Novice: 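Submitted below is the structure of interest, expressed as structure tokens.
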Number of protein chains: 2
Amino acid sequence: MSADDFVVTPWHVEGDIDYDKLIKQFGTQKISPELLARIQKITGEDHFMLRRGIFFSHREMNRILDDYEKGNKFFLYTGRGPSGHTHIGHLVPWVFAKWLQEKFDVNMYFQLTDDEKFFSKPNLTLEETKNFAYENALDFIALGFKPEKTKIIINTRNIQTLYPIAAQVAKKINFSNTKATFGFTNETNLGMIFYTSLQSAPCFIEDKPVLIPLGVDQDPHFRLTRDIAPKIGKEKPALIHNIMIPALEGPGGKMSASDENGTVYTTDAPNVVKKKINKYAFSGGQPDLEQHRKLGGNPDIDVSYQYLRIFFEPDDNKLKSIYEDYKSGKLLSGELKAILIEKMNEFLAVHQENREKAKDKIDEFLFENK
Amino acid sequence: MSADDFVVTPWHVEGDIDYDKLIKQFGTQKISPELLARIQKITGEDHFMLRRGIFFSHREMNRILDDYEKGNKFFLYTGRGPSGHTHIGHLVPWVFAKWLQEKFDVNMYFQLTDDEKFFSKPNLTLEETKNFAYENALDFIALGFKPEKTKIIINTRNIQTLYPIAAQVAKKINFSNTKATFGFTNETNLGMIFYTSLQSAPCFIEDKPVLIPLGVDQDPHFRLTRDIAPKIGKEKPALIHNIMIPALEGPGGKMSASDENGTVYTTDAPNVVKKKINKYAFSGGQPDLEQHRKLGGNPDIDVSYQYLRIFFEPDDNKLKSIYEDYKSGKLLSGELKAILIEKMNEFLAVHQENREKAKDKIDEFLFENK
């Protein structure tokens, strides 16, 4: 643990994250009211994830918008480490990326890092992480991306394209840099050490500026990329960061695909979702009904409320009523959970149908090596 | 410099190498008279490079022969780092590999490590090393390999095949291992750190034992591979090592493709060869004619004599006469050089013709990703 009592790296998130401190620690920019207004003006829409600070930080988003307003298009890039099935938390940056793609009408690359998860998880084989990559791709496609403008990169499948780009990056990063950025040690394996250059590679897959919407834990990779970009004659990637999505069992960590109980998977059946939320979702309510009616609950630490805020209730008025009712004690924890369960199962019913259809569409989305 | 006053690593060879000490330092086996006799019996031939100790050391050559005698075929693998044009010294392990291939009737893989040379040479681009890879491939093909049994791997061209194999290796090697094996430091770039796993990959490209004829400076890579092989359920590669080929300007280093004067390239014209040998080939002769006739020359340090011994004069009787005549003072340095120049230009006339023809054959030799 750092002196700040929280740790955020691409492979380890722990503690109660103070996002203002994290912005200082990482050296990013907070999304200002001016930037919010500018995005709203250009897109003609006030996205709730921006308005509510789910996306809270950025690097050079203003430059991307300057260029865009001059008529120069950028492209989008985000990704996922396929260590297991997709869970609800993963969808946050993807849904936001889709909104950006529609509003700006730009290309999108989605990277599935099967090699990374093979290197970082002692018990996973490359076949397993590659299978998870295909499973995760279905969830991405299910969100409604268009194959004409959206390509899915699977690292081991597209290494022929990625490696020569990654090599340019790898030549400019030394072991010291990775120690400072990721906390690597002499015991870190060679795959993990090299890997960051493969996560950089899609930044340079088109000769245009890139904007990366992503969880803030992934920022360190692109801090390195941004240092290297001018050295290889390229533009620095711009980033827009979302907060970590809390695990069911409470804040102080991101939702982890390897913790079955702490996670709602996109493939969970309605009764499983109901059981998981009722049993595991950390509650901000009081120990008994009488006290809850009297003292009220704490929505700010209640995971069910947070999921509504982050993803499932875009309507500010409805969210505000829930907040106030819960705080006043009018809304019980079981009732709050019931709201989330209903919203989640509504979402998942559609998602799961689209996910089935995605199986026939996946080939259109897969990036082909030249 | 080590306490032994010489250094041998894949990227740096310096000093006067004591091969018996090197065998101890690396932990390899000297090729014994029994092993020599065994190879001679199986192949029906007494190859001069074995008889003269040009190939002097091995790892588990006996296991390869045991397997072979039981009817289990192995395959051959060697390679080259394409940092420049091919020179005479590079041909030594290739010519020997060809002999092994013919005698044992086995498949052969030749790896051109364009990525490695890009990572290790600050001033070379990946385009340059890839171009050298194609140039070097022509020299390999010119030696007479058959495309049915011989495939050329170019790392950036075949990374789609190599990377998933390399990943298995990379997961089992940590930074400490590479520090101990190659002397890497915190300043070593990520490409160099990862690279050894790509040099390992062809060892596992067929599900058979592999025998690697190679310069002894490359042994450290395969020491790591041999440590890892059982951990990934594979057989250890067996090796047979040749000595370092001296530069024109004298012993105490291997012939380097980047030192123009110290190197005869396979593409040099006859008059260039003549000029280089006459001007730069380190002589074991006396300072003047009178002293030479009286005291005689020293063939053991004379580079022209060494080239005849290593490559250009397979006939032991003829070599012996040259040795004795030079030592007695009967043969002058200029005359010794003239013998080498004639032999070398005879060889290169044929080689350069075959090298031209190789341009039409290269596609048959290039390994295709599945």
Side-chain angles (χ1 to χ4, degrees), chain A residues 113-127 129-130 154-182 184-200 224 228 231-233 369-370, chain B residues 113-127 129-130 154-182 184-200 224 228 231-233 369-370:
Chain A
T113 63
D114 55 343
D115 53 347
E116 175 204 12
K117 290 301 169 182
F118 168 67
F119 293 134
S120 67
K121 303 279 180 184
N123 296 323
L124 284 180
T125 67
L126 202 49
E127 290 66 38
T129 58
K130 199 170 184 179
I154 299 175
N155 279 7
T156 60
R157 188 176 175 279
N158 296 119
I159 193 73
Q160 195 69 45
T161 300
L162 299 178
Y163 186 72
I165 311 173
Q168 306 296 331
V169 175
K171 191 173 180 174
K172 301 291 181 191
I173 305 178
N174 66 30
F175 186 62
S176 273
N177 303 143
T178 69
K179 278 168 85 172
T181 308
F182 304 117
F184 286 169
T185 69
N186 283 349
E187 280 64 51
T188 304
N189 74 54
L190 303 192
M192 283 293 279
I193 297 171
F194 183 73
Y195 168 72
T196 192
S197 42
L198 284 167
Q199 187 153 328
S200 281
L224 277 181
I228 272 73
K231 297 183 193 170
I232 60 171
N369 297 313
K370 299 286 175 300
Chain B
T113 62
D114 55 344
D115 53 346
E116 175 203 11
K117 290 302 168 184
F118 168 66
F119 293 134
S120 67
K121 303 279 181 185
N123 296 323
L124 284 180
T125 67
L126 203 48
E127 290 65 38
T129 58
K130 199 170 182 177
I154 300 176
N155 280 6
T156 60
R157 187 177 176 279
N158 296 119
I159 193 74
Q160 196 67 46
T161 300
L162 299 178
Y163 186 72
I165 311 174
Q168 305 296 331
V169 175
K171 190 172 179 175
K172 301 292 181 190
I173 306 178
N174 66 31
F175 186 63
S176 274
N177 303 142
T178 69
K179 280 168 84 171
T181 308
F182 304 117
F184 285 169
T185 69
N186 283 348
E187 280 63 53
T188 304
N189 74 54
L190 303 192
M192 283 293 278
I193 296 172
F194 183 73
Y195 168 72
T196 191
S197 41
L198 284 166
Q199 187 153 328
S200 281
L224 277 182
I228 272 74
K231 296 183 193 171
I232 60 171
N369 296 315
K370 297 290 173 298

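From a predicted model like this one, the values you see are computed outputs, not experimental measurements. Within every chain, numbering begins at 1; the chains are lettered A, B, ... in the order of the sequence lines, protein sequences first and strands thereafter.
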Novice: Give the member of Asn174(A), Asn177(A), Thr196(A) that has the highest number of heavy-atom pairs under 4.5 Å with chain B.
Specialist: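 It is Asn174(A).
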Novice: Measure distances from Ile232(B) to the heavy atoms of chain A and classify the residue's part below 4.5 Å as side chain, backbone, both or neither.
Specialist: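 Interface part for Ile232(B): neither.
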Novice: Which atoms of Ser120(A) come close to chain B, meaning under 4.5 Å heavy atom to heavy atom: side chain ones, backbone ones, both, or neither?
Specialist: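 Contact with chain B: none, neither part.
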Novice: If you count heavy-atom pairs under 4.5 Å with chain B, which of Arg157(A), Lys171(A), Gln168(A), Lys130(A) comes out on top?
Specialist: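 Most pairs with chain B among the choices: Lys171(A).
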Novice: Say you draw a straight line from NZ of Lys117(A) to OG1 of Thr129(A); how long is it, rounded to the nearest 0.5 Å?
Specialist: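 With rounding to 0.5 Å, NZ (Lys117(A)) is 10.0 Å from OG1 (Thr129(A)).
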Novice: Relative to chain A, which segment of Asp114(B) carries a heavy atom at a distance below 4.5 Å: side chain, backbone, both, or neither?
Specialist: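 When you check distances to chain A, no heavy atom of Asp114(B) falls under 4.5 Å.
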Novice: Among Gly191(B), Ser176(B), Ala166(B), Pro122(B), which has the most heavy-atom pairs under 4.5 Å with chain A?
Specialist: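 Of the options given, most contacts go to Ser176(B).
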Novice: Answer yes or no: is there a donor N or O on one side and an acceptor on the other, between the side chain of Asn189(B) and the main chain of Phe119(B), under 3.5 Å?
Specialist: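 Flag set: sc Asn189(B) to bb Phe119(B) pair under 3.5 Å.
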Novice: What part of Tyr163(A) lies closer than 4.5 angstrom to a heavy atom of chain B: side chain, backbone, both or neither?
Specialist: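 Side chain of Tyr163(A) only, per the 4.5 Å heavy-atom cut-off to chain B.
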Novice: Tell me which one of Leu224(B), Thr178(B), Leu190(B), Val169(B) satisfies side chain to side chain contact (heavy atoms under 4.5 Å, CB included) with Leu190(A).
Specialist: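 Among Leu224(B), Thr178(B), Leu190(B), Val169(B), the one meeting side chain to side chain contact (heavy atoms under 4.5 Å, CB included) with Leu190(A) is Thr178(B).
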Novice: Assess whether side chain to side chain donor-acceptor pair (under 3.5 Å) is satisfied between Asn155(A) and Thr113(A), documenting all intermediate values.
Specialist: CA-CA 5 Å; Asn155(A) 279 7; Thr113(A) 63; 5.3 Å; no
Novice: Any chance you could lay out the side-chain contact (heavy atoms from CB on, under 4.5 Å) test for Phe182(A) and Thr188(A), step after step, and finish with the verdict?
Specialist: CA-CA 11 Å; Phe182(A) 304 117; Thr188(A) 304; over 6 Å; no
Novice: Among Thr156(A), Thr185(A), Leu162(A), single out the residue with the greatest number of heavy-atom pairs under 4.5 Å to chain B.
Specialist: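 Looking at each option in turn, the highest pair count goes to Thr156(A).
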Novice: Is Phe118(A) close to Leu124(A) at the side-chain level, that is, under 4.5 Å between some pair of heavy atoms?
Specialist: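 Of all side-chain heavy-atom pairs linking Phe118(A) with Leu124(A), none is under 4.5 Å.
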